[in-house]
Amino acid sequence: MSALTFELIAKDPGSQARLGSLTTTHGKIETPIFMPVGTQATVKAMTPEELVEVGSQIILANTYHLYLRPGHDLVARMGGLHRFMHWDRPILTDSGGFQVFSLGELRKISEEGVQFRSHIDGSKHFISPEVSVAIQEALGSDIAMCFDECPPYPAEYDYVKKSLELTTRWARRCKEAHRRPDQALFGIVQGGMHPELRRESARQIIDIGFDGYALGGLSVGEEREIMYDMMQACSDILPENGPRYIMGIGAPEDLIEGVNAGFDMFDCVMPTRNARNGALFTSTGRINIKAAIYAEDEGAIDAACDCYVCRNYSRAYLRHLYRSQEILASRLNTWHNLHFYLNLMGEVRRAIAQGRFAQFRKEFYAKRAMAEPVFG
């Protein structure tokens with residue numbers, strides 16, 4: 001019996017958008033959903049209680065980082081990731097494949113797995129599909145991801161084809177190694193920026209059979225139009241009766257296009273990382289709170305937002321906090337950005353339920369066409 005069930009509740013008549021419900025060991029998730037990234041068992045600047053307040057239903061944690069520090073065995077001894085970080089809602093752990101890919105010359109890929117040097121202290125490590133699964137089982141996430149190879153962009157066709165075939169072999173090994181009955185396992189589709197290879201990878205991963213399916217290897221430097229083409233290349237192949245996840249994409253426009261292509265789950269560091277750098281998302285676009293024009297601005301970040309920050313703090317105060325390098329700047333900026341993302345997905349779900357997502361998408365872009373400029 002699967003540790004995950006997915007119910008398809010409604011489909012938008014004017015697009016491929018889907019409304020669904022995903023049930024895991026630690027609770028139910030309404031989809032489409034955005035997952036805040038808690039790389040090291042924490043979403044930076046936010047407590048678990050605050051994450052609940054801004055509407056987080058599920059968060060993501062990182063296998064690679066938690067393996068290196070504090071160590072998955074320690075997390076297991078502490079009662080698992082949920083207890084360790086005081087979070088009782090669902091958690092998805094990525095496989096570590098993308099982080100290893102990001103190490104560049106610090107890693108060496110073979111059929112068996114990946115040998116790499118830690119970005120922390122340079123120590124040598126090895127992760128195979130079996131090791132990745134064992135780490136995630138020790139962490140105790142609700143959803144684990146298969147270990148995959150993420151090809152760079154751009155990359156030669158032949159390299160990408162060999163890469164996706166390696167990802168398929170690794171996916172088969174992950175499924176064979178996976179033992180934890182209360183943890184779902186998702187397969188990952190690769191194939192670079194070649195639509196035919198994406199479809200080939202999707203068919204191979206589907207043939208193995210997983211609880212859900214993800215697109216990996218996107219947002220690695222390709223043009224946005226190419227990214228959207230890769231979404232569409234797989235949307236009619238992936239099973240309708242299971243969750244579909246696009247990994248690591250995160251501009252609001254990307255989420256809208258992912259939903260439009262029929263995907264259900266998304267994650268990205270963009271709202272939290274941008275917050276720490278003073279970039280704030282609004283209903284009409286992104287603003288840079290560092291800009292001098294906000295020095296005496298008594299208005300909220302976004303007049304259309306009802307989050308705790310917009311109800312209580314002015315742009316002028318937030319600019320002051322940021323320029324003074326106060327810790328509170330990161331906290332309030334992150335609170336607002338996560339609320340914006342999670343509220344956007346809530347609006348998306350309501351639009352799909354009402355059969356008007358296609359119209360919502362048009363209105364979303366019309367508002368952003370009126371966005372104020374972002375000043376440095």
Side-chain angles (χ1 to χ4, degrees), residues 33-72 74-75 78 81-94 96 98-99 102-103 118-120 139 141-143 145 219 247-252 254-255 265-282 286-290 301-302 305 307-310 312-313 317-345:
I33 190 64
F34 177 81
M35 300 180 285
V37 176
T39 301
Q40 302 190 87
T42 174
V43 176
K44 287 181 171 56
M46 299 287 285
T47 67
E49 290 79 10
E50 290 164 347
L51 288 171
V52 170
E53 187 165 339
V54 297
S56 300
Q57 300 182 50
I58 175 174
I59 61 173
L60 181 146
N62 186 269
T63 295
Y64 166 84
H65 288 280
L66 293 174
Y67 158 74
L68 290 178
R69 184 173 57 193
H72 57 291
L74 185 150
V75 173
M78 298 299 292
L81 197 53
H82 291 86
R83 183 179 175 193
F84 187 54
M85 66 180 293
H86 181 51
W87 176 256
D88 62 1
R89 295 187 176 194
I91 298 174
L92 181 148
T93 44
D94 61 12
F98 180 79
Q99 285 67 38
S102 302
L103 292 172
S118 165
H119 71 285
I120 299 171
L139 295 174
S141 55
D142 297 83
I143 301 172
M145 303 300 299
S219 194
M247 306 180 74
I249 69 165
D254 300 340
L255 303 186
M265 303 169 68
F266 309 90
D267 81 277
C268 192
V269 298
M270 187 171 285
T272 49
R273 181 175 291 168
N274 273 258
R276 297 193 302 276
N277 291 314
L280 305 176
F281 293 92
T282 78
R286 188 168 54 177
I287 67 170
N288 191 331
I289 203 64
K290 298 189 293 287
I301 298 169
D302 185 353
C305 180
C307 80
Y308 166 78
V309 181
C310 287
N312 293 285
Y313 302 100
Y317 181 63
L318 294 171
R319 179 178 184 270
H320 157 69
L321 291 177
Y322 187 87
R323 289 178 60 83
S324 301
Q325 300 182 14
E326 287 289 342
I327 293 172
L328 187 57
S330 291
R331 285 186 37 73
L332 295 180
N333 291 350
T334 301
W335 188 304
H336 167 79
N337 276 359
L338 285 178
H339 178 275
F340 173 84
Y341 268 65
L342 293 161
N343 185 65
L344 174 64
M345 299 311 283

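From a predicted model like this one, the values you see are computed outputs, not experimental measurements.
Using a 4.5 Å heavy-atom cutoff, the side chains of L328 and Y317 are in contact. Between F84 and L74, some side-chain heavy-atom pair lies under the 4.5 Å cut-off. Between Y64 and H119, the closest side-chain pair of non-hydrogen atoms falls below 4.5 Å. Between M46 and V54 there is a side-chain heavy-atom pair separated by less than 4.5 Å. Counting heavy atoms from C-beta outward, L342 and S56 have side chains that approach closer than 4.5 Å. Proximity of D302 to H336: side-chain heavy atoms (C-beta onward) are separated by under 4.5 Å at one or more points. Here the side chains of W87 and T42 are not in contact, with every heavy-atom distance at 4.5 Å or above.
Note that NE2 of H65 is 9.5 Å distant from OG of S118, once rounded to the nearest 0.5 Å. Atom NE2 of H82 is separated from atom CZ of R89 by 11.5 Å, given to the nearest 0.5 angstrom. A distance of 9.5 Å separates CZ in F266 from CG in D254, rounded to the nearest 0.5 Å. Rounded to the nearest 0.5 angstrom, I289 CD1 and I301 CD1 are separated by 6.0 Å. Taking CG of L68 as the start and CD of Q40 as the end, the distance is 9.5 Å to the nearest 0.5 Å. Atom CG of N337 is separated from atom CG of N274 by 6.5 Å, given to the nearest 0.5 angstrom.
A donor-acceptor distance shorter than 3.5 angstrom exists from the side chain of Y322 to the backbone of N277, with no hydrogens or angles considered. At distances below 3.5 Å, at least one donor-acceptor pair connects side-chain atoms of Y341 with backbone N or O atoms of G250. Between the side chain of R319 and the backbone N or O of K290, at least one donor-acceptor pair lies under 3.5 Å. Checked by atom type and distance alone, the side chain of H339 never pairs as donor or acceptor with a backbone atom of G55 at under 3.5 Å. In terms of modelled atom types and a separation under 3.5 Å, the side chain of N333 and the main chain of A275 share a donor-acceptor contact. Judged purely by atom type and a 3.5 angstrom limit, D142 uses its side chain to pair as donor or acceptor with the backbone of I91. Judged purely by atom type and a 3.5 angstrom limit, R331 uses its side chain to pair as donor or acceptor with the backbone of A45. Looking only at distances, a side-chain donor or acceptor of D94 sits under 3.5 Å from a matching main-chain atom of T63. Here the side chain of D267 pairs no donor or acceptor atom with the backbone of M35 at under 3.5 angstrom. A donor-acceptor pair under 3.5 Å is absent between the side-chain atoms of R286 and the main chain of A279, judged by distance alone.
Taking both residues in full, the closest heavy atoms of S141 and T93 are given as OG-OG1, 2.7 Å, listed atom of the first, atom of the second, then distance. Closest approach of F281 to P271, counting heavy atoms only: CE1-CA, 4.1 Å. Here the shortest heavy-atom pairing between L81 and V75 reads N-CG1, 3.6 Å.
A 6.0 Å sphere centred on CD1 of I327 holds no more than 12 heavy atoms belonging to other residues, nucleotides or ligands. In this structure, Q325 places its CD atom where only 12 or fewer heavy-atom neighbours from other residues, nucleotides or ligands lie under 6.0 Å away. Atom CZ of R276 sits in a crowded spot, with more than 12 heavy atoms from other residues, nucleotides or ligands closer than 6.0 Å.
Using a 30° and 60° split on the angle between ring planes, W335 and Y308 fall in the tilted class, from 30° to 60°.
Between the side chains of H320 and E326, no donor-acceptor pair of N or O atoms lies under 3.5 Å.
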